[in-house]
Structure formats: structure tokens, C-alpha cells
A.B. asks: 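Quick one: the structure is below, questions incoming.
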Number of protein chains: 2
Amino acid sequence: MDLMSGTSWLSDEEQRVWRDFSAAVNMLRAHLEAQLQRDAGMPHAYYEILVVLSEAPGRVLRMSELASATRSSRSRLSHAVARMEASGWVRRESCPTDRRGAFAHLTAAGLAALEDAAPGHVEAVRASLFDALTPEQMRRLGEISAAIRDRLAPRCAEAEAEEMERLEDGERAGG
Amino acid sequence: MDLMSGTSWLSDEEQRVWRDFSAAVNMLRAHLEAQLQRDAGMPHAYYEILVVLSEAPGRVLRMSELASATRSSRSRLSHAVARMEASGWVRRESCPTDRRGAFAHLTAAGLAALEDAAPGHVEAVRASLFDALTPEQMRRLGEISAAIRDRLAPRCAEAEAEEMERLEDGERAGG
DNA sequence: TACCCCTAGTTGAGCCCTCAATCATCTTCG
DNA sequence: CGAAGATGATTGAGGGCTCAACTAGGGGTA
């Protein structure tokens with residue numbers, strides 16, 4: 001058997017679903033990103049950071065926890081928080097018990113920025129997503145999303161683990 | 001009545017659906033983007049351009065048509081095609097009947113790059129999306145996606161039209 | 001103590017995207 | 001014809017993201 005014929009291509013229906021899904025998601029993302037950027041002067045990723053911080057006890061979180069809560073890489077979060085600190089929305093403080101660590105505090109200005117941004121964003125989400133769906137579709141979308149999330153979440157850990165093994169094993173395979 | 005109380009916030013269920021959806025979509029995008037970048041050395045946006053071009057009659061398309069087929073801005077497409085031309089995947093040619101216009105041709109190298117990239121990408125889509133869903137969920141996702149797409153597609157045109165009107169009308173509203 | 005490895009976080013380069021401005025050309029209409 | 005405006009496409013600046021390298025501090029072991 002050869003490689004190409006081993007590939008299982010998408011059926012017509014799968015292809016149609018994939019293209020519609022892709023189009024819908026791209027348009028939705030672009031729409032919400034533009035709304036937030038235009039009306040609140042922040043990218044959606046920063047909005048999510050503000051939301052997570054605002055819900056944390058004391059409105060403080062370790063950088064690592066903030067990264068995993070926003071499903072973001074440390075690097076990305078670090079860049080983002082640096083910029084948000086320059087905007088006065090977040091303040092960084094080093095951890096006394098582990099001097100490698102850092103806390104990210106939501107400032108009053110950051111909370112205010114979030115409160116300014118939220119109504120417009122929520123309305124945009126409602127108008128572009130929920131208003132397009134029946135209640136049943138909304139419920140279905142929740143189930144489908146959870147299934148995709150649960151399928152993908154372990155993969156990230158797996159990928160890391162495999163990478164580890166590969167590095168540790170070196171090359172043992174001969175033929 | 002005041003502004004804030006006029007905001008209709010999301011219900012608990014809406015909020016849960018939105019967060020799951022958001023997480024699922026972000027993870028899926030990141031996963032597919034990384035797979036394509038790692039295994040084929042191209043971003044997903046470029047892959048889509050190659051797909052659309054490969055399906056066009058003669059494997060040629062006007063820049064504008066390519067832009068609208070990929071739901072991309074002219075600017076973005078222009079940058080992308082410039083880079084893809086440097087990779088030898090696309091060749092640009094000016095239109096003889098309208099000298100403002102340009103054609104984008106898929107080259108043999110571009111087609112080869114697409115054919116190399118496709119199996120891995122398709123398998124990633126299958127593994128991370130379709131394998132997570134039952135056949136019924138897949139069908140539902142298609143319907144939901146189409147609904148969102150149809151809801152958003154006219155909005156783009158509307159937004160432009162409103163922008164036009166706003167510019168033409170000037171400010172007539174006094175209060 | 002010295003060594004080694006692991007973890008927390010930052011940094012810089014390079015790439016892609018958006019926005020606004022620009023260029024060149026077509027079109028319309030007086 | 002000629003000026004004004006619309007259209008097709010490009011450009012450059014600025015910002016966010018990823019990847020890989022790096023800094024710095026913790027934790028175990030001999």
C-alpha cells in the first residue's frame with residue numbers, strides 16, 4: 001500500500017460542513033475582533049485576560065495560572081501583559097515566596113476598561129451568534145463545542161509528553 | 001432608563017455555551033494552524049488560497065475574486081500573494097483588458113505544495129473535529145454553521161453601506 | 001557546598017494581519 | 001475632452017502571535 005491512497009479524504013457532506021464551519025468561525029472571529037478593537041481599543045485576547053483577572057479572587061493571578069486559564073502560551077501572555085501594563089490596566093508584582101514568579105493584578109483602570117467594553121461585546125456576541133440560533137441549536141452547539149474541547153484538551157498534554165519522550169529516547173529505531 | 005440596565009447580559013447557559021464554543025474554536029484553530037505550519041511550512045490562510053486557486057478554472061483568478069472567495073481583505077491577500085509569489089507558489093500577471101487588475105496563477109510548485117500539505121491537514125481536521133462528533137452532531141454543526149454564516153454574511157455588506165451613508169449624510173441629527 | 005536539572009517568566013526576531021494612505025486606471029457626466 | 005469619483009490593487013506602519021533562546025531562581029542529590 002502507498003501513502004496517498006491511505007489518506008481518508010472528507011466525504012462531500014464532511015467537506016460541506018467543514019467549509020461552512022470554517023466560514024462561520026472566521027467571519028464570527030473577524031466580526032467580534034473588529035467590534036472590540038473599534039469600540040474598546042483592545043484585541044479580543046486582551047478582553048479575555050481582563051475577564052479572567054476580574055473573576056479571580058482579589059483580582060490577582062500568577063502569570064502561569066493566567067496563561068492556562070486563557071489557554072495562552074507563557075510568551076504570548078507575557079507580551080500581552082507587558083502591553084496592558086503600559087496601558088495601566090494591569091500591574092505586575094513579584095512573588096515573595098518564589099522569586100521567579102510574578103503576579104498580575106487587575107487595576108481599577110483595567111476594571112473600568114473591561115466594564116466599558118463588556119456591554120458592546122456581549123451585544124455583538126448575542127447579535128451575531130445567539131440571535132442566529134434556535135434554543136435547541138444553542139444547546140446542541142454547547143454539546144458539540146464541549147466534545148471538541150474535550151477531544152483537543154488532552155491532545156495538548158499528549159503532544160508535550162510525546163515530545164519529551166522523543167527527546168529522551170534519542171533515535172533507537174533502525175529500520 | 002439608563003444605558004447599562006439596557007444591556008441584556010448572557011444567561012448562565014448562554015455564557016457556558018459561549019465559553020465552551022470559544023475554547024473549542026480557539027484550540028481547534030491553534031491546533032490546525034500549528035500542524036500546517038510545522039508539517040507544510042505554511043499558515044492556514046495560505047493553504048486556503050492554494051485550495052481556492054487549485055479549484056478555479058485554469059487555476060487562475062483575479063485578485064479581487066480570490067479575496068472574496070477566501071473572505072479576505074484585498075490588503076491581506078495582496079501581502080499573502082506577494083509572499084507566496086516569492087515562494088514560487090503563485091505567479092501574478094496583469095490583466096490586459098483592465099490594466100488596474102491582476103491575475104493570480106497557481107504554479108506547478110504551488111500545486112505540489114498543496115498536494116503535499118493536503119493529506120496531513122485533512123487527517124488533522126478529521127482527527128480533531130469529525131472524530132469527536134457523532135454523525136448527527138456533524139449534521140447539526142453544518143446547520144448551525146450555515147445559520148451563523150448567513151447571519152453574518154449580509155452584515156458585512158450592511159456595515160459597508162451604513163458607513164457610506166454616514167459619510168454622505170454628514171451630521172444632520174441635532175438631538 | 002557544588003552540581004544538575006527543572007520551572008517561571010521574559011525577550012527578540014520574524015511573520016501575518018489590520019488600517020489608512022496611495023497609485024494607477026476606468027467611468028461617468030458636463 | 002477633462003475633472004471628479006469609483007475601483008483594483010499595493011504599500012508601510014504598527015501591533016499581536018509563535019518560536020527559540022535566554023535569565024534567574026528553586027530543588028534534589030552526593
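Note that these values count all heavy atoms, side chains included, but never hydrogens, waters or copies made by symmetry. Lettering follows sequence order; numbering is per chain, from 1. Small disclaimer: the values here were computed from a predicted structure and weren't measured.
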A.B. asks: Quick check against the 3.5 Å criterion: does A:R149 have a side-chain atom that pairs as donor or acceptor with the backbone of B:S22?
C.D. replies: no
A.B. asks: Atom CZ of B:R71 and atom C1' of C:dC17: how far apart are they, to the nearest Å?
C.D. replies: 16 Å
A.B. asks: Name the residue from B:V52, B:L32, B:L36 that meets the side-chain contact (heavy atoms from CB on, under 4.5 Å) definition with B:Y47.
C.D. replies: B:L36
A.B. asks: Answer yes or no: side-chain N or O of A:S73 and base N or O of D:dC19 forming a donor-acceptor pair under 3.5 Å.
C.D. replies: no
A.B. asks: Whole-Å distance between D:dG15 C1' and A:M84 CE?
C.D. replies: 14 Å
A.B. asks: Atom CD of B:E65 and atom C1' of D:dG8: how far apart are they, to the nearest Å?
C.D. replies: 12 Å
A.B. asks: By the salt bridge (Lys or Arg N to Asp or Glu O under 4.0 Å) test, which pairs, at least two apart or in different chains, include something from residues 99-111 of chain B?
C.D. replies: B:D98-B:R100
A.B. asks: Quick one: A:H44 NE2 to C:dT18 P, roughly how many Å, whole number?
C.D. replies: 16 Å
A.B. asks: Specify the separation, in whole Å, of atom CZ of A:R83 and atom C1' of D:dC17.
C.D. replies: 12 Å
A.B. asks: Judged by atom type as modelled, is there a donor-acceptor pair below 3.5 Å linking the side chain of A:E85 to the main-chain atoms of A:R92?
C.D. replies: yes
A.B. asks: Starting from P on C:dC17, measure out to CD on B:E48 and report it in whole angstrom.
C.D. replies: 10 Å
A.B. asks: Can you tell me the distance, in whole Å, between the CZ atom of A:R29 and the P atom of C:dC16?
C.D. replies: 17 Å
A.B. asks: Base, sugar-phosphate, or nothing for A:A45, non-hydrogen atoms under 4.0 angstrom?
C.D. replies: sugar-phosphate
A.B. asks: Between A:R76 and A:E48, is there a side-chain N and carboxylate O pair less than 4.0 Å apart?
C.D. replies: no
A.B. asks: Please determine whether any donor N or O and acceptor N or O are separated by less than 3.5 Å between the side chain of A:H79 and the base of D:dG15.
C.D. replies: no
A.B. asks: Is it true that A:R139 and B:E13 have a side-chain N and a carboxylate O under 4.0 angstrom from each other?
C.D. replies: no
A.B. asks: Can you pull out the residues from residues 87-102 of chain A that lie within a 4.0 Å heavy-atom distance of DNA chain C?
C.D. replies: A:R92, A:R100, A:G101, A:A102
A.B. asks: Is there a donor-acceptor pair under 3.5 Å between the side chain of A:S94 and the backbone N or O of A:A102?
C.D. replies: no
A.B. asks: Looking for any heavy atom pair under 4.0 Å, which part of the strands does B:Y46 touch: base, sugar-phosphate only, or nothing?
C.D. replies: sugar-phosphate
A.B. asks: May I have the distance from A:L66 (atom CG) to C:dA8 (atom P), rounded to whole angstrom?
C.D. replies: 14 Å
A.B. asks: DNA chain D: B:R76 or B:A30, which has the more 5' nearest nucleotide?
C.D. replies: B:R76
A.B. asks: Axis-to-axis angle across the helix from C:dT1-D:dA30 to C:dG30-D:dC1, five pairs an end, to 10 degrees?
C.D. replies: 10°
A.B. asks: Once you round to the nearest 0.5 Å, how far does CG of B:L77 lie from CD of B:E65?
C.D. replies: 11.5 Å
A.B. asks: Should A:D12 and A:R16 count as an ion pair when the cut-off is N to O under 4.0 Å?
C.D. replies: no
A.B. asks: Would the base of D:dT11 count as contacting B:S75 through its side chain, where contact means a donor and an acceptor less than 3.5 Å apart?
C.D. replies: yes
A.B. asks: Starting at the 5' end of DNA chain C, which residue's closest nucleotide do you reach first, A:Q37 or B:M42?
C.D. replies: B:M42
A.B. asks: Could you check whether the rings of A:W18 and B:H44 sit parallel, tilted or perpendicular, using 30° and 60° as the cut-offs?
C.D. replies: perpendicular
A.B. asks: Have a look at A:A82 and say if it touches a base, only the backbone sugar-phosphate, or nothing, with a 4.0 Å heavy-atom cut-off.
C.D. replies: nothing
